[in-house]
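To start, the structure itself, in structure tokens.
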Amino acid sequence: MLKALVLPYGSPGWKDKMRVLEDILSSRQTAPFLYNDVLILVPSSRMKRMYGRLFLDFAERRGSAALVQPEVQTLHQFLQRLYGRLNGPLLMDENSRLVLLEGIVKERLSNSSSFPLNPDLLAPSLTSAVATMIEQLSGAGVNPDDLQLKIKDSDFSDKPQVRLLLDVYTRYQGVLKDSNLTDPAGMRAFLRDHFDPAWLAHYRTLIIDGVQDFGPLEAAILKKVAGCGDCAWLVNAPSSGLLNHAGEYHPLRIVKDSLVMTGVLPTEERIGADEGQLFLASALFSDRPFPEIADKAPHPSSFSKTINLLSAVNTREEVTLIASEVKKSLKTGTPADSILIAFPALDEYGPLVEEIFTDYGIPYNRALGRQLSTSAVAIAVVSLLRACQEDFSGASLLRVTSSPFLKFAENRKIAAALDRLMRDKRIAGGKQKLLTALKFTKLDEGAPDVLTGPLNDLFAALEPFSSQDVSPLNIWMKRLYALIAWSGLGARVAAIHGPLNVNLQAYRKLIETLGSLAQAGSLFADYTYTFHEWLFLLKKTFMHTRFQVPPEDEGGVQILGFEESLGHPWQEIYLGGLVDNKFPQRLPQNIFLPEQTLETMGVRTLERARLNAAYHFYRLLLSAGKVTLTWPENEGDRPVVPSPFLEELTPLKKAGLLNRGIEKTSGIQFSLKIEDSRSIPELAKAISLAGEIKDLNAILNANIEGVSGIRSALDYKPEEHAQGITTLVKREFWVTELDDYIKCPYDYYVKYVLRIGPLEEVTEDISPMDRGSKVHAILRNFYLSWTRPVTEEARDEARTLIRKLAGSAFDTEADTFRNRRDKELFLTVMAERFLDAEEEFWKQGFRPAYLEQKIECYPLVLMNGKDVELSAKIDRIDADENGNFIIVDYKTGKYPLPRMNVDQDIFQLPVYAVMAQKALSGKGLALKKPIGLAYYDLAGKTGAGARDVVLFNKQARNDHPSSKPNASPKSAEEFDAILNQSMDKARKAVEAILAGDFTSTPQDENRCRYCPNEMLCEKKEA
Ligand code: SF4
């Protein structure tokens, strides 16, 4: 006899379930408690373990330790065991199914003219789409003939993708039949057709608990199972009335449809939900208008549930918010394992939750499996293979040599030596380049060669993967097994002790997964793979495979997936990450058949996914006395839209039932007040910002883990006489560094005092700085060789000289795209602009008098009477026969432009002018009077000619080329004032540096936008 019992969600339903179980168990009043004639079917392993604990409690309460437990099985295990009794075709696993489908898809694509792209490119992505489609069709009981029949008159039946689907599906079924294999859908269909009630005859009672949302094949089997004896089907729903009347878009429809398919119509209700619960159940996903629902809401004083909807500024703050609420609850005595934390995208949130919950000292149990591809052991294996795929690129080799799971971990010097070699030789990897570099590297005397042996060892181990051959899957797997044995992965994982360590679990799953792929390889040996295809398959398989880390116990706050949270009595639920597109998850449209056609065949993927998400949202809202829903307002720097399901709370909001007693419901973020700190990191941050604090000793002296770090930090006192950040005793300054100080004192501090610079990526491309140096050197060498005017007639000759010099400068660099482009840019743009400018310049009667002229030990007297020394290297100084001179600076990038008044951003050139006038007056060609300051705009940033005399004394001469003809000419007094002011700026900059004044005050705020000091400078936080 079949009874369907409706149990409400949450604690009332849980109590009722206990009564049902007690009724069944009380059939045996005294020990021995033998219950192996009771079969319980549940949806998850976690629920199975929960039943195990319940029965032990039951026996203990009756004073007996001896108990033969009822048989509890997950539906999946149950079906597989029943199938094991039949002599049906061999059930293949998911990996074999995908390998077979990928092989068929590739085979079909290479014979088809409808898909002109290379099948190797198309197959991997098409295969997963075809595999999912076939799984859905066969799950709905639609075979290839049915499909053909149903679409034969449609206008899309002739489309290439539809023909491909039919073709692959037919072939797939054919291969299964010929090989005596079956897939999960085939297994269920076989079981349905060969089910024997005698298998279950020895069970006195059957209980089906929490099993819902299944397809027609499972429904047919469960119907037969339920008919085998005394069966109680436990259905969770607020009431049988709501369940029976669930409309097309209501979340309960998912339960109703499953029950209808099995012929179970729930009519019996042992206890009802309370009034508030029933209101909530009928208000959510109702088809009535919100105001109408709100009117029928109970008065807030009689609504016992607490429902909150909160949003935090970002995901970190959202998890912090949840952690602080959980911590408050734990402090008020809520048992940790009665608190549920769930996220639609737990993989994304998991690491953050673990980090913040650990900081908060909250005991937790994260039960959902993890992606194998994210485990350190899978990453180590893939890194090895990727090193080969990328021809041993620097990045991949560094990953391999620094992995703690591979054999090179035994010698830490290898990774460091490799990094040094690549930086010194400026190579970005490559087997041949590395070998050549190793051959010609001279080691320091007595220094051992730590690289040659290991690298050759690695190259040899990966040799089987370097060939271009096409091999069957099992050959690739054999090669991989040999590589893993060589890498010492197993031994290194085993060296980490503890049976539950995450790497050991990942390693076991990895070996199991490789075994499954090897099995697929032996089943389908005809399908072959190139190395790239095989590696893609391997990575895809690791991505789909999940591994569990069994907790030492399952206590603590429960961080679970939606399915795993079923069937537990929760006191508090926190449901986070409720953002659009993730909840419900947006799925891609079906590429093969229109949704309406699929619906007529019982395949309702998109609608089913939405209903499933809605069902869990609905269920969780009704499953605890306190439910907190959260969402982040931003993800990274992107604002996000909340989940559309949250609209369902509108009637509650209107009725004053939402967020009762909470003032701030949005824009929530961590408070920086000491008294609000709930973790040691938060306390440390709050103390560091609070400055001098009284009465903190009680906390600091309490024996709290982690506080000693804060105590030591507070105990540290900087030296008494320290002024500012630091006091320098420096006496020599380059003009360029003073210019950097003027641009931003804090940036100067980072670069010149701390000497921190961003770590450059190892690359064979020349850096912008190197390119600038090369350009400067070419132009200097040009005038070292060219001692006469540049004229129109001599232009070709001058160009040839420049080309020759450019060849020597650039051609020694690696032949990369960027390096070629840089040389081309120099020859076609910079050199031509330079020669154009020179032709005009020589007509003015000037000539380059000094090239890359160094001036050192130039005395600069400070306000305190002491002096320091300035140094400079001036690109070029042009002079006429009277000793009038112009300072020249070559620029491949931007430069400051002149202003209309005396105050100028141009700083270096006027200082150079003053220094040159004094330092070079008695040398070679005497420089009598500075009359101009020029930049050579080689890249054409201003749009004018290359020679841009940005400031000049118009009274000395007024015929200079200039991109700012109004701002550049100055009177003799103004020009002198600019030179004097610049020297004054230099002096003030030196004094400020010596005084340790390194404030975050950039000359131009725009500079902060591209500044690499963001981690250090407070400017960005302000
Ligand atoms: S972010 Fe701005 S203020 Fe800070 S160091 Fe950079 S340029 Fe200076």
Side-chain angles (χ1 to χ4, degrees), residues 7-22 42-58 60-61 209-210 234 236 238 271 273-274 276-277 280-281 303-308 310 319 321-343 346 349-350 353-354 356-358 360-368 550-577 616-630 660 678:
L7 313 177
Y9 297 114
S11 150
W14 175 259
K15 286 185 190 143
D16 202 24
K17 177 152 81 178
M18 291 307 104
R19 279 194 288 272
V20 173
L21 293 175
E22 289 271 342
V42 293
S44 68
S45 306
R46 193 181 164 78
M47 209 153 157
K48 187 174 157 179
R49 291 197 293 278
M50 182 205 74
Y51 265 106
R53 281 198 302 274
L54 280 179
F55 295 131
L56 288 177
D57 284 354
F58 170 83
E60 217 173 285
R61 280 203 307 276
D209 183 11
L234 308 185
N236 272 119
I271 56 155
D274 67 38
Q277 182 89 338
L280 185 59
F303 187 70
S304 58
K305 277 182 84 85
T306 302
I307 298 183
N308 299 324
L310 308 171
V319 178
L321 163 70
I322 294 176
S324 62
E325 290 297 310
V326 168
K327 194 155 180 174
K328 264 193 239 161
S329 286
L330 293 177
K331 280 179 163 175
T332 57
T334 311
D337 55 6
S338 71
I339 300 177
L340 167 70
I341 316 284
F343 295 92
L346 188 52
Y349 271 86
V353 177
E354 289 192 6
I356 293 174
F357 274 46
T358 306
Y360 270 61
I362 299 173
Y364 66 85
N365 163 42
R366 180 186 164 194
L368 191 74
E552 288 179 37
D553 61 49
E554 291 194 328
V557 172
Q558 302 293 308
I559 304 166
L560 304 180
F562 284 167
E563 301 288 343
E564 289 173 306
S565 68
L566 277 163
H568 287 256
W570 304 113
Q571 282 194 30
E572 289 185 20
I573 292 177
Y574 295 84
L575 180 54
H616 287 297
F617 180 75
Y618 181 80
R619 172 179 71 78
L620 290 172
L621 261 171
L622 291 162
S623 291
K626 179 179 174 189
V627 181
T628 303
L629 308 168
T630 62
R660 284 182 293 169
R678 292 200 168 80

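To the nearest 0.5 Å, the span separating CD1 on Ile339 from CG on Asp337 amounts to 9.0 Å. If you take OG on Ser338 and NE2 on His568, they are separated by 12.0 Å, rounding to the nearest 0.5 Å. To the nearest 0.5 Å, atoms CD (Glu354) and CD1 (Ile559) are separated by 6.5 Å. Note that the CD atom of Glu325 and the OG1 atom of Thr628 stand 6.0 Å from one another [nearest 0.5 Å]. Glu563 contributes atom CD, which lies 8.0 Å from atom OG of Ser44 (distance to the nearest 0.5 angstrom). A distance of 5.0 Å separates CG in Leu620 from CD1 in Ile573, rounded to the nearest 0.5 Å.
The two atoms that bring Tyr51 and Lys17 nearest to each other are OH-CD, 3.9 Å, heavy atoms only. For Tyr9 against Ser623, the heavy-atom pair with the smallest separation is CB-OG, 3.6 Å. Residue Leu621 comes nearest to Leu280 through the heavy atom pair O-CD2, 3.8 Å, listed as atom of the first residue, atom of the second, then distance. Closest non-hydrogen pair, Lys626 versus Asn308, comes out as CE-ND2, 4.3 Å. Minimum heavy-atom separation, Arg619 to Ser565: NH2-OG, 2.9 Å. Heavy atoms only, all atoms of each residue included: Pro238 and Tyr618 are closest at CG-OH, 3.5 Å.
Residues Gln571 and Pro335 have side chains in contact (heavy-atom distance under 4.5 Å, counting atoms from C-beta outward). Leu340 places a side-chain heavy atom less than 4.5 Å from the side chain of Leu560. Between Ile322 and Ile356 there is no side-chain heavy-atom pair separated by less than 4.5 Å. In this structure, Asp16 and Leu234 have side chains that are not in contact, with every pair of non-hydrogen atoms separated by 4.5 Å or more. The shortest side-chain heavy-atom distance between Leu629 and Phe617 falls under the 4.5 Å cut-off. At least one side-chain heavy atom of Tyr349 sits under 4.5 Å from a side-chain heavy atom of Val319. Two residues are said to be in side-chain contact when any heavy atoms from C-beta on lie closer than 4.5 Å; Arg46 and Leu566 fail this criterion.
Listed for the Arg678 side chain is no donor-acceptor partner under 3.5 Å among the backbone atoms of Lys328. Distance alone, capped at 3.5 Å, places no donor-acceptor pair between the Ser329 side chain and the Thr334 backbone. Proximity of a side-chain donor or acceptor of Lys305 to a complementary backbone N or O of Ala624 within less than 3.5 Å is detected. Side-chain N or O atoms of Gln558 include one that pairs as donor or acceptor with a backbone N or O of Gly556 at under 3.5 Å. Judged by distance alone, the side chain of Asn236 and the main-chain N or O of Leu7 form a donor-acceptor pair under 3.5 Å.
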* Decide yes or no on side-chain contact (heavy atoms from CB on, under 4.5 Å) for Glu572 and Thr306, but give the supporting numbers first. => CA-CA 9 Å; Glu572 289 185 20; Thr306 302; over 6 Å; no
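Checked for salt-bridge contact, Glu22 and Arg61 meet the test: a charged N lies under 4.0 Å from a carboxylate O.
Ring geometry for Tyr364 against Phe357 counts as perpendicular: the plane angle is over 60°, on a 0 to 90° scale with 30° as the lower cut.
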